[in-house]
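Note on naming: letters A, B, ... go to the chains in the order of the sequence lines (proteins, then strands), and numbering restarts at 1 for each one.
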There are 2 protein chains.
Amino acid sequence: MSDMATQTRRPLADDIVRELKIEIRDGVHPAGARLPTEADLCRRFGVSRATVRTALKELDVLGLIRTQQGAGTFVRTRPAVRDGLERMGSITESIRRSGKEPGHEYGRRTLRQVLPDEAERMGVPSDTEALELRRRVTADGDVVAYSYDVIPRGLLPAAFDPEELSGSLFAYFETELGIHPTLGLAKVHAVSSAHIAWGPDAAKHRLFVLLDQLHYDDDHRLLAYCKTYFVEGSYEFQLVRTA
Amino acid sequence: MSDMATQTRRPLADDIVRELKIEIRDGVHPAGARLPTEADLCRRFGVSRATVRTALKELDVLGLIRTQQGAGTFVRTRPAVRDGLERMGSITESIRRSGKEPGHEYGRRTLRQVLPDEAERMGVPSDTEALELRRRVTADGDVVAYSYDVIPRGLLPAAFDPEELSGSLFAYFETELGIHPTLGLAKVHAVSSAHIAWGPDAAKHRLFVLLDQLHYDDDHRLLAYCKTYFVEGSYEFQLVRTA
DNA sequence: ACGCTTCGAATTGTCTGACAACTTCGGCGC
DNA sequence: GCGCCGAAGTTGTCAGACAATTCGAAGCGT
């Protein structure tokens with residue numbers, strides 16, 4: 001039995017969450033500021049207080065706001081460094097944000113059955129068919145990571161040509177498949193091996209930070225199993241830890 | 001301005017969350033099973049449906065349950081690991097949670113001025129006095145991490161004897177100083193070096209995951225600068241990444 | 001003018017009851 | 001057996017009310 005989401009009409013509270021998230025991100029409600037009262041939000045969105053409170057509860061659990069009885073609801077002050085390792089996101093995007101030009105070199109695209117250890121980590125039957133990708137990610141031409149990705153065949157279009165896949169994997173998911181990765185379960189390891197790297201610079205790369213990661217979407221549907229080996233020193237991992 | 005939580009009576013919903021979390025973890029409600037209906041939970045906890053729904057909403061956002069209108073509330077099949085690396089916490093505690101007995105061996109306790117690179121990373125004047133600690137953290141006797149910690153002298157009691165420090169650093173902060181670390185800014189690196197380890201097992205330890213981390217409390221006051229070298233393979237790093 | 005107390009308005013937390021939307025399941029006709 | 005249908009059960013939303021708490025303004029004494 002799986003967590004399949006039989007489609008139903010989107011709850012009203014979700015719209016409010018989406019809206020307020022954007023406003024907080026864009027500074028309509030700056031850090032520390034008080035949000036409109038629940039009554040105000042009711043009027044604005046034309047819903048009952050129960051619905052508004054459902055939305056606020058979600059933002060609360062997500063750590064974006066803090067409610068205080070008698071005083072109001074406030075936007076949490078965020079640490080200066082945002083977009084750390086704890087946030088999902090395309091490697092490509094983070095490279096671009098750092099001011100460099102991202103690139104992808106695909107080394108192999110193979111349709112095959114998942115390997116036994118992959119099946120176990122992914123939690124899928126061992127006869128699952130999947131697409132294996134082998135890529136190098138570059139920033140301004142320098143290799144910053146080697147990635148081995150396994151994507152269940154079921155997610156891909158019936159008529160799928162591996163060759164059409166290029167560039168960012170996240171971008172392909174978003175734009176071509178309409179799939180939005182929102183959750184990642186990662187294990188972090190240090191790896192020293194000569195068998196990871198390939199290509200002209202392989203000899204230089206012996207020490208890696210390995211992100212052994214499962215990607216999911218909103219409904220906890222498994223999207224991909226990615227083992228990304230970041231070349232130590234060429235990629236900055238920030239991580240914000242909270243109590 | 002900080003997110004200080006002026007203490008108020010604990011909301012009822014929090015108790016319900018705590019209770020249900022335990023029951024889900026302990027298998028009272030197995031993965032995929034349907035939870036008692038909201039009406040049932042109302043009767044059981046003696047609260048209104050609004051309060052029960054607040055609690056369920058939190059478990060929903062945390063990824064532990066899934067609600068389906070008309071059908072019921074179900075325990076998610078993927079018991080989301082929600083105590084990953086992104087959560088602050090004592091290493092000692094996480095070792096204890098994994099069922100092993102934590103230990104600490106202090107190698108050096110020195111009062112000295114911060115080094116130039118430390119001062120820069122910590123954002124303090126270069127003449128700041130600090131306590132340097134050198135420790136090994138063990139689980140069931142096996143070394144799992146080597147830690148080099150720098151603590152500003154100003155945080156410690158006027159009459160401070162380095163020798164009184166033993167066991168968990170977090171525990172000392174909490175119980176002895178009344179300081180509660182709530183925020184950590186960490187950088188993650190892979191390190192391969194013979195100069196990190198010391199003691200009888202030093203020769204076996206050459207590959208480490210380095211957590212280069214600044215600890216803060218509620219008011220963004222710097223508590224410690226800790227470089228913790230986790231012996232690769234002996235410590236499991238989980239990380240939950242969200243969009 | 002300054003500090004202190006008191007009080008009431010404002011705001012979130014909880015309660016009660018009801019209806020709407022949706023799922024499930026069994027009965028019924030074919 | 002198969003499909004349609006409706007009733008019962010469950011979550012989503014609404015409305016109104018009161019309790020608990022916070023905050024500032026008004027009033028008071030010094």
Distance, rounded to the nearest Å, where [X] contributes [atom1] and [N] contributes [atom2]:
{"X": "B:D40", "N": "D:dG9", "atom1": "CG", "atom2": "C1'", "answer": "11 Å"}
{"X": "B:R49", "N": "C:dG17", "atom1": "CZ", "atom2": "C1'", "answer": "11 Å"}
{"X": "B:L41", "N": "C:dT14", "atom1": "CG", "atom2": "C1'", "answer": "16 Å"}
{"X": "A:Q68", "N": "C:dG13", "atom1": "CD", "atom2": "P", "answer": "10 Å"}
{"X": "B:F45", "N": "C:dC15", "atom1": "CZ", "atom2": "C1'", "answer": "17 Å"}
{"X": "B:R43", "N": "C:dC15", "atom1": "CZ", "atom2": "C1'", "answer": "16 Å"}
{"X": "A:E38", "N": "D:dA17", "atom1": "CD", "atom2": "C1'", "answer": "15 Å"}
{"X": "B:Q69", "N": "C:dT24", "atom1": "CD", "atom2": "P", "answer": "12 Å"}

Starting at the 5' end of DNA chain D and moving along, which residue's nearest nucleotide shows up first, A:G70 or A:V47?
A:V47
Want to settle it: does A:T54 or A:F74 sit nearer the 5' end of DNA chain D, counting the closest nucleotide to each?
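Residue closer to the 5' terminus by nearest nucleotide: A:T54.
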Nucleotide nearest [X] when distance is taken to its side chain, options [options]:
{"X": "B:R53", "options": "C:dT23, D:dT13, C:dT14", "answer": "D:dT13"}
{"X": "B:R34", "options": "D:dC14, D:dT10, C:dT23", "answer": "D:dT10"}
{"X": "B:L12", "options": "D:dT13, D:dT11, C:dC15", "answer": "C:dC15"}
{"X": "B:T51", "options": "D:dT22, C:dC15, D:dT13", "answer": "C:dC15"}

Any side-chain heavy atom of B:Y216 sitting closer than 4.5 Å to one from B:R221?
no
With side chains defined as the heavy atoms from C-beta onward, is the minimum distance between A:T51 and A:I16 less than 4.5 Å?
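The answer is yes; the side chains approach within 4.5 Å.
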So does B:T67 get a side-chain nitrogen or oxygen closer than 4.0 Å to the phosphate oxygens (OP1/OP2) of D:dG12?
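Yes.
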At 4.0 Å (heavy atoms only), tell me whether B:T73 reaches a base, stays on the sugar-phosphate, or touches nothing.
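Sugar-phosphate contact only - B:T73 comes under 4.0 Å of backbone atoms but never of a base.
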Regarding B:Y235 and B:S94, is there a side-chain donor-to-acceptor distance under 3.5 Å anywhere?
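Yes, a side-chain donor-acceptor pair sits under 3.5 Å.
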If I take atom CG from residue B:L133 and atom OH from residue B:Y172, how far apart are they, to the nearest 0.5 angstrom?
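The OH atom of B:Y172 is 10.0 Å from CG of B:L133, to the nearest 0.5 Å.
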Under the criterion side-chain contact (heavy atoms from CB on, under 4.5 Å), I'd like the reasoning laid out for A:L214 against A:L222: C-alpha separation, chi angles, the key distance, then a yes or no.
CA-CA 7 Å; A:L214 295 169; A:L222 178 68; 4.0 Å; yes
